[in-house]
Amino acid sequence: MENLRLGILGLGQIGAGLYTILQRKKAYFRREIGVNFDIRKIAVKSKTKKRTVRVPKGLLTTNALSVVRDPEVDVVVELIGGTREAKKLVMEALRCGKHVVTANKALLAECGDEIFSLAYRKGLWLFFEASVGGGIPVMKALREGLAANRIDSIHSIINGTSNYILTKMTDEGWDFEEALIEAQKKGYAEADPTLDINGTDAAHKLAILIRFAFGGRVRYSDIYCEGISRIRSEDIAFAEEFGYRIKLLAIAKRSGGRVEARVQPTLLPKSHILANVKGSFNAVLVRGDEVGDSLLYGRGAGPFPTASAVLSDLVDIAKLRTSSFEGTMSPMRALRGRLKVKTMSSILSRYYLRFRVVDRPGVLGRISQVLGSFRISISDCVQKERSAGSVVPLIMLTHDSHERDVHNAMRAIGKLNIVRGKSQVIRIEEG
Ligand code: HSE
């Protein structure tokens, strides 16, 4: 029986989920997997705080450094989030010879090079299944199940909060605020939910996915990142009429020696498999050169799915400690060269454009003319309401166009006196 001694940092939503599963399934882990998970200490901010789980007082400490330095701890499980304190503790844990399991996507996206290098130099395991896709074993699938493949593209829904909000707005007509509050209540959102809404959380996860899927490092700051806060109910309704749903996608594609890397609200055909991923569910659609398309789907957020992923890492570490085989299991795949990220201005995409225009003859022609002068071809167009002289929405879908041209055309159209207020641009992926 392998005895794995754990030092846990943090007893928030995920920490409480992990603690609960470790209690509930203690006998199961011993019997079925041959591992005894032995919690030595749990570092918390306050010992007296009211919690959803009952934990013996003796297990709690407010001294996180004492946990990472404890000679009786084999693995440090970092669940406090954020980058500053978490980085200090993870680095110290590695210096002290502990294996590390973390759910912290911000930490790995922003400081991954430093942390992975230290783990590599020290010959320690650093696992992070819970950092991407909640309970979906996506890192394991990339490292092992898809090991024979060169990964060519990833299209993913990896922020449960945004997906929950867009789903409620689409299917039930909720407003944005109402859906966000509910996502927070369900424990999907980050402590600071702006990270969910503005796409940062998904960009952090995409940086980690790219590192392991494409076998190279990208600068996190090179990833284009746009969240869902400017999506209006009317865009959802218009998209629906054209046969599309709006999803927040994190996309990475190999493209002419570089990678495209972007997080963006996207129109997807309703028949697209990702258009049907609802609520807090996440999905990662991977295209490999041998396997073709492979979809990884499951609960992307919430205490128990995330704790399930943490436990899969702990089981791996327990197994790896008794075997000398590293092979494709090695997270050090991440230490290959740097990948160049394609600039957004050079990408090619289809676009959904929404203008508010004065309803009078010649307006449509004027806008089409500007688009045409920037080599943008229109594939579909609709102006719903009609009331002479008033301001009405005009929606156009384009064929493949260069982002640079769309940007310049929108600037030119914005200067026309027939256009009122802010226009909307959303990229379309056909899949
Ligand atoms: N806030 C994250 C989400 C939690 O909504 O997906 C999982 O990382």
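Start at 1 and go down the list; that is how both ligands and their atoms are numbered. The analysis underlying the following values was restricted to heavy atoms, covering all of them including side chains, and did not include hydrogens, waters or symmetry mates.
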State whether a side-chain donor-acceptor pair under 3.5 Å links [X] with [Y].
| X | Y | answer |
| --- | --- | --- |
| T343 | S346 | yes |
| T200 | N198 | yes |
| N36 | K26 | yes |
| D196 | Y188 | no |
| R354 | S423 | no |

- prompt: Is ligand 1 under 4.0 Å from a heavy atom in the side chain of T161, in the backbone, in both, or in neither?
  reply: both
- prompt: Is ligand 1 under 4.0 Å from a heavy atom in the side chain of D201, in the backbone, in both, or in neither?
  reply: side chain
Hey, which atoms in ligand 1 end up nearer than 4.0 Å to a heavy atom of [X]?
| X | answer |
| --- | --- |
| D196 | 1 (N), 2 (C), 3 (C), 5 (O) |
| G300 | 7 (C) |
| K205 | 2 (C), 3 (C), 6 (O), 7 (C), 8 (O) |

- request: Look at the side chain of T306 and the backbone N and O of P303, then say whether any donor-acceptor pair between them is shorter than 3.5 Å.
  value: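 Here the side-chain-to-backbone pair does not exist.
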Provide, to 0.1 Å, the distance between [atom] and the closest protein heavy atom, together with that atom's residue and name.
| atom | value |
| --- | --- |
| atom 8 (O) of ligand 1 | K105 NZ, 2.6 Å |
| atom 6 (O) of ligand 1 | G160 N, 2.7 Å |
| atom 4 (C) of ligand 1 | Y188 O, 3.2 Å |

message: Counting the benzene-type ring for Trp, do F212 and F128 have ring centres under 6.0 Å apart?
response: yes
- request: Assess A189 for proximity to ligand 1: is some non-hydrogen atom of it under 4.0 Å away?
  value: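 It does; at least one heavy atom falls under 4.0 Å.
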- prompt: Are any of the N or O atoms of E190 closer than 3.5 Å to those of ligand 1?
  reply: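 Yes - when backbone and side-chain N and O of E190 are compared with those of ligand 1, one distance drops under 3.5 Å.
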